[in-house]
There are 2 protein chains.
Amino acid sequence: MSHNDPKIADLNCGDCPIRHRAVCARCETDELHQLEAIKYYRSFQAGQPVIWSGDRMEFVASVVTGIATLTQTMEDGRRQMVGLLLPSDFVGRPGRATAAYDVTATTDLVMCCFRKKPFEELMGSTPHIAQRLLEMTLDELDAAREWMLLLGRKTAREKIASLLTIIARRNASLKQATKGGVRFDLPLTREEMADYLGLTLETVSRQISTLKREGVIVLEGKRHVVVPNLDRLLEETGDDSDGGMLN
Amino acid sequence: MSHNDPKIADLNCGDCPIRHRAVCARCETDELHQLEAIKYYRSFQAGQPVIWSGDRMEFVASVVTGIATLTQTMEDGRRQMVGLLLPSDFVGRPGRATAAYDVTATTDLVMCCFRKKPFEELMGSTPHIAQRLLEMTLDELDAAREWMLLLGRKTAREKIASLLTIIARRNASLKQATKGGVRFDLPLTREEMADYLGLTLETVSRQISTLKREGVIVLEGKRHVVVPNLDRLLEETGDDSDGGMLN
DNA sequence: CGGATGCCTTGACCCAGATCAACTGACCCG
DNA sequence: CGGGTCAGTTGATCTGGGTCAAGGCATCCG
C-alpha cells in the first residue's frame, strides 16, 4: 500500500489511528508506531450487525471499506437511522463503555478497530489525535444538523432528492461527472432509505418512481441510478442553490 | 465569583476558555492566564440575532447566561431549529470562517467570546482544550441524534412530551423535584417550540392543551409548567422507560 | 421444475397534522 | 381610555404521506 496513491491513503493510511481524507503527512511519526499493538481489523458481511445499542463496546473504529449505519429503534419498532458511515468515518466514543446505537453493515464491511483503553491513553499523549477527532466530529455534527432540517421540514420528494444528492456527492464516481450524467449505485434498500429519511418504504418507492417518470433520474435495474442533469435534481432538494460552501 | 460555589462555576469558571459542568480543577493553571487577552463578553436582548448564517464569524464563544438557538431556514421560509444552547454550551467552530447557522438570543443572553485566531493557537498548544471540546462536541452529536429520532419518527404528542422532558431535565429547578411535582418555565414561544419539533405552532398549542386537559401537565399562565407526575409525562415520550443511562 | 423468500411497486383508503381563519387576552403607548 | 401588537387558542377543512393489501420479479434451493 503506497502512500503516494491518494485513493489508498484515503481509505487506510498505514499506521495512522484515524483515517485521513487526503494523503497523510504524519504516517512516519514515531509515536504512532505503538498502534500496531492496539489495532486490528474486523470484517462483516452485508446485513450483519456490528454491535447492538447497550452492548459493551471495548473498541473504537473507523471504516476501511463498505458502508455501515447507525440506527435507533423505539420499543414499538419504529426505526430512525442517525448515522451513515462511509470509508474513513469513525465510530465509537472515547470515554463511553456501551454502544449508544445499533451499528449494522449494509454492505460487506471492513473496519479498523482500536482497543479503547490504549486508544484513550494514546489520545492523552498525542494531541493531534484529539484535534483530528474533534475536526471529524464537528463535520458529523454539521451533517447531523443538515439531516435535522431534512427530517423536520422537507417534503418526501425533497427528502429523496436530497438523499440522492448526498450519495452522488459522497460517491467517487461522481468525478466522472456531467459528461452523460452522474451515475452511482444505491447502497441502501428502499427500507433503509426510508429509515434514513423518516418515511415509509412505500413512500420512498413512489417518490423514486415519480422522479423517474419525470425524467429527473433514470433507473437501470432497481439500484443503479443515472442523473442526466444534476442541477435538475438539485432544484428538487429545497436547498440553497449555491451547492454548499462549507468551511 | 468563588470557585467553591458550584452553581457559579457551572456558569462561568474564571479564566477557563470552556465552561465546565462541574467545578473546574484547572482554573489555576498558568497557560490559561493569557486568555484574558483574547476573551470578552457580549450581551444580547431577548429576540436579538447574534449572527446570521453566512456572516463572517471571527470568534468562538460559550453561553454564560440565557438561551440561544441555532436555526436553519430554507428560501421559502421553512425553519428548523438545529441547536438549543444553554449556559455552558459552546458555539462556533475552530477552523471555519463563516457562521453555518442563524444564532438568536431567545432570552436575554450573555456570551463569553474568544477571538478565533488566538483561540486556535491556544488549542494547538494546550491539548486539554481540544479534548474538552471533543467531549462537548460528542455530547452535542448524541443530542442531535436523539433529536433526529424525534423529528423522523415521533408523533406530535410524543414530540411535545419529549421537549417538556428535555427542558425539565436540563432545568436546575428539577432538583427540587417530585415533592409536589416538577415545575419550570418554558424558555421558548410556541413558534420556537414548533421550529424545534418540526411542527406548526398550532399543533404545538393543541397538543399542550390536550396534555393539560388530561392532567399530565398543569399550566400556570402560558409559560409556567407544573408536571405533577414526571413518570406520567415520560410515558408519553415514546422513549425507553429506563430514563437514559448515557455514558 | 415449482415453491419460498426478499425486495420492490402500485393501488385504495384513511388520518395526523398542516393550513386558513377567527378570536382572546395581556401589554404597551399615545 | 381606545387602538395596536404580540402570543396563544380553537375551529373547520384539506392533504401528504401512512397503512393495508395485492402483485411483480429476481434469486435461491430442494
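Residue numbers begin at 1 in each chain, while the letters A, B, ... track the order of the sequences.
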More than 12 heavy atoms from other groups under 6.0 Å of CD on E191(A): no
Salt-bridge contact R190(B)-D195(B) (side-chain N to carboxylate O under 4.0 Å): no
Has T200(B) got a side-chain N or O lying under 4.0 Å from the OP1 or OP2 atom of dG17(C)? no
Atom NZ of K154(A) and atom P of dA18(C) are separated, to the nearest Å, by 18 Å
Go through the steps to decide whether E140(A) and R145(A) satisfy the test salt bridge (charged side-chain N to carboxylate O under 4.0 Å, His left out), and finish with yes or no. CA-CA 9 Å; E140(A) 264 192 277; R145(A) 285 172 165 158; over 6 Å; no
Do any of residues 209-224 of chain B sit with a heavy atom less than 4.0 Å from DNA chain D, and if so which? S209(B), K222(B), R223(B)
Please evaluate residues L151(B) and E146(B) with respect to the criterion side chain to side chain contact (heavy atoms under 4.5 Å, CB included), reporting the C-alpha separation (whole Å), side-chain torsions for both, the decisive distance (0.1 Å), and the verdict. CA-CA 9 Å; L151(B) 289 171; E146(B) 206 67 49; over 6 Å; no
Could you tell me how far apart L199(B) (CG) and dA18(C) (C1') are, to the nearest whole angstrom? 10 Å
Quick check: W147(B) with Y196(B) (ring centres under 6.0 Å apart)? yes
Going 5' to 3' along DNA chain D, between which two nucleotides do contacts with chain B fall, using a heavy-atom cut-off of 4.0 Å? dG8(D) to dA12(D)
With a 6.0 Å cut-off (strictly less than), is the heavy-atom count around CD of Q45(B), excluding the residue itself, greater than 12? no
Looking only at heavy atoms, the pair that brings K159(A) and G198(A) closest together is NZ-O, 3.7 Å
To the nearest Å, how far apart are R206(B) CZ and dG17(C) C1'? 8 Å
Under 4.5 Å between any side-chain heavy atoms of T210(A) and R157(A), yes or no? yes
Just checking, any donor-acceptor pair under 3.5 angstrom between side chains of T165(B) and S162(B)? no
Tell me: CD1 of I208(A) to C1' of dT9(C), nearest whole Å? 11 Å
Quick one: are M111(B) and Y41(B) in side-chain contact, heavy atoms under 4.5 Å? no
When you measure from every atom of DNA chain D, which of residues 189-198 of chain A have a heavy atom less than 4.0 Å away? G198(A)
In whole angstrom, give the distance that lies between atom CD of E202(A) and atom P of dT9(C). 11 Å
What is the distance, rounded to the nearest whole Å, between atom CD of Q207(B) and atom C1' of dA18(C)? 13 Å
Audit row: D139(A), R93(B), side chain to side chain contact (heavy atoms under 4.5 Å, CB included) steps and yes/no: CA-CA 10 Å; D139(A) 283 343; R93(B) 164 157 190 173; 3.0 Å; yes
